[in-house]
Amino acid sequence: MVAEPQEPSQQPHPQWVGVSHADCDKMLQYALNRDPTVKFMVEKLKEAGCEVNKGFFRVENCSAQAGGGFRPPDGVILCHNHLMGQQEVNHALTHELVHAYDHCRAANVDWHNCEHHACSEIRAASLSGDCNYKQELLRGNYGIRKQHQVCVRRRAELSLSMNPSCQGLRGRLAIDKVFDACLKDTAPFDRIP
């Protein structure tokens with residue numbers, strides 16, 4: 001499962017339970033019907049020949065500190081107990097849909113290959129809104145110069161650290177190797193949204 005971890009400053013208090021399963025399911029349906037980026041990603045997945053039906057999306061209670069994950073071939077998982085509102089659901093959903101798109105368009109993607117996984121994490125962090133200026137300000141990251149790239153690298157490292165095959169130095173080296181090329185790859189968008 002490709003999971004979207006939360007940064008240490010964003011991890012919920014141990015007693016927080018996020019939103020309820022039912023509320024997260026309502027937010028998922030709202031995003032699928034109303035969020036332009038989510039709708040765009042679903043449309044592009046279908047255009048690429050990948051099946052996206054109601055069963056492609058699941059809401060679960062997750063033990064990992066993650067807002068969601070992509071679990072091939074099952075689809076996208078949202079972790080209701082780690083999401084606190086509609087915007088977080090939208091970002092997590094878009095992030096995981098980028099992974100789904102990468103899995104769909106690359107016939108030979110191997111999620112245990114650190115370079116493959118790193119590239120998808122770089123793209124997901126860059127394209128999902130995870131690293132937009134507002135999100136970074138909310139995290140207390142006030143850098144101006146190349147803040148997007150700094151955030152994308154940090155978020156990719158966090159995500160790769162959850163893959164036992166790509167922890168530590170192995171993950172960081174994979175990110176270094178593919179970072180520039182994968183950051184430039186904005187498909188299916190024309191540019192970073």
Side-chain angles (χ1 to χ4, degrees), residues 1-7 10-12 16-107 109-112 116-132 135 152 155-156 158-160 162-163 182 185-189 192-193:
M1 179 164 129
V2 179
E4 177 188 351
Q6 295 178 341
E7 296 191 47
Q10 285 200 314
Q11 290 178 352
W16 280 9
V17 292
V19 298
S20 70
H21 187 286
D23 286 344
C24 190
D25 192 54
K26 288 177 188 172
M27 290 180 208
L28 167 61
Q29 296 311 314
Y30 181 87
L32 289 170
N33 292 313
R34 303 289 301 266
D35 184 84
T37 307
V38 171
K39 287 173 64 175
F40 176 81
M41 287 301 301
V42 169
E43 177 184 317
K44 292 302 178 183
L45 274 164
K46 289 177 181 177
E47 286 176 11
C50 293
E51 186 176 340
V52 180
N53 55 36
K54 187 173 180 164
F56 189 75
F57 302 96
R58 293 185 50 167
V59 175
E60 294 183 1
N61 187 324
C62 303
S63 57
Q65 284 284 353
F70 173 62
R71 187 185 299 152
D74 300 332
V76 171
I77 309 300
L78 290 178
C79 300
H80 74 87
N81 54 318
H82 298 292
L83 296 168
M84 299 303 296
Q86 187 66 55
Q87 185 177 10
E88 287 186 21
V89 168
N90 296 351
H91 282 206
L93 194 52
T94 303
H95 182 106
E96 302 312 331
L97 285 167
V98 171
H99 293 315
Y101 182 82
D102 288 347
H103 188 79
C104 176
R105 73 178 180 155
V109 69
D110 176 2
W111 295 104
H112 297 287
H116 291 192
H117 190 172
C119 189
S120 192
E121 292 298 348
I122 290 163
R123 287 176 29 73
S126 180
L127 301 173
S128 67
D130 287 349
C131 291
N132 70 30
Q135 286 298 110
V152 167
R155 302 285 295 171
L158 280 168
S159 292
L160 252 61
M162 296 183 73
N163 180 341
C182 296
D185 180 1
T186 62
F189 300 96
I192 296 170

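Sequential numbering from 1 along the given sequence is applied to the chain's residues. Values below: every heavy atom of this structure, side chains too, minus hydrogens, waters and symmetry copies. Values in this document were obtained by computation on a predicted structure and should not be read as measured data.
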Do Phe40 and Leu97 have side chains that get closer than 4.5 Å, going by heavy atoms? no
Would you indicate whether the side-chain heavy atoms of Leu83 and His80 approach each other to under 4.5 Å? no
Considering all heavy atoms of both residues, which atom of Glu121 and which atom of Leu160 are nearest to each other, and what is their separation? CG-CD1, 3.6 Å
When you compare the side chains of Trp111 and His103, does any donor N or O come within less than 3.5 Å of an acceptor on the partner? yes
For a 4.5 angstrom cut-off between non-hydrogen side-chain atoms, does Phe70 reach Ile77? no
Rounding to 0.5 Å, atoms OG (Ser120) and CG (Asp102) come to a distance of 3.5 Å
Determine, stepwise, if the pair Ser128 / His91 fulfils side-chain hydrogen bond (donor to acceptor under 3.5 Å, both in side chains). CA-CA 6 Å; Ser128 67; His91 282 206; 5.8 Å; no
Could you check whether any side-chain N or O of Asn81 sits under 3.5 Å from a backbone N or O of Cys62, counting only pairs where one atom can act as donor and the other as acceptor? yes
Closest approach of Tyr101 and Ala48, non-hydrogen atoms and distance? CE1-CB, 4.5 Å
How long is the span from the OH atom in Tyr30 to the CG atom in Leu93, to the nearest 0.5 Å? 13.5 Å
Looking at every non-hydrogen atom in both residues, tell me the closest pair between Val89 and Met27 and how far apart they are. CG2-SD, 3.7 Å
How long is the gap from CG on Asp35 to CG on Asn90, to the nearest 0.5 Å? 4.0 Å
Decide side-chain hydrogen bond (donor to acceptor under 3.5 Å, both in side chains) for His95 and Asp130; before the verdict, give the C-alpha distance in whole Å, the side-chain angles of both, and the deciding distance to 0.1 Å. CA-CA 8 Å; His95 182 106; Asp130 287 349; 2.7 Å; yes
Of the non-hydrogen atoms in Leu78 and Cys24, which two are nearest, and what is the gap between them? CB-SG, 4.2 Å
Minimal heavy-atom distance between Val52 and Val42, with the atoms involved, is CG1-CG1, 3.9 Å
Are any of the side-chain heavy atoms of Val98 and Met41 separated by less than 4.5 Å? yes
Main-chain N/O of Cys79 paired to Glu60 side chain as donor or acceptor, under 3.5 Å: no
For Leu127 and Ala187, which heavy atoms make the closest approach, and how far apart are they? CD1-O, 3.9 Å
Donor-acceptor check, side chain of His82 to backbone of Ala64, threshold 3.5 angstrom: yes or no? yes
For the pair Asp74 and Phe56, evaluate side chain to side chain contact (heavy atoms under 4.5 Å, CB included) and give the outcome as yes or no after the intermediate values. CA-CA 6 Å; Asp74 300 332; Phe56 189 75; over 6 Å; no
Going from CZ on Phe57 to CG on Leu32, what distance comes out if it is rounded to the nearest 0.5 angstrom? 5.0 Å
Salt bridge flag under 4.0 Å for residues Glu47 and Lys44: yes
Rounded to the nearest 0.5 Å, the CG atom of Asn61 sits from the NE2 atom of His21 at a distance of 8.5 Å
Got more than 12 heavy atoms from elsewhere within 6.0 Å of CD, Glu51? no
Name all residues meeting the side-chain hydrogen bond (donor to acceptor under 3.5 Å, both in side chains) criterion together with Asp185; count only those two or more places apart in sequence or in a different chain, and write none if there are none. Arg105, Arg123
Using 0.5 Å steps for rounding, measure from the CD atom of Gln86 to the CD atom of Glu88. 10.5 Å
Return yes if a side-chain donor-acceptor contact under 3.5 Å exists between Asp110 and His116, otherwise no. no
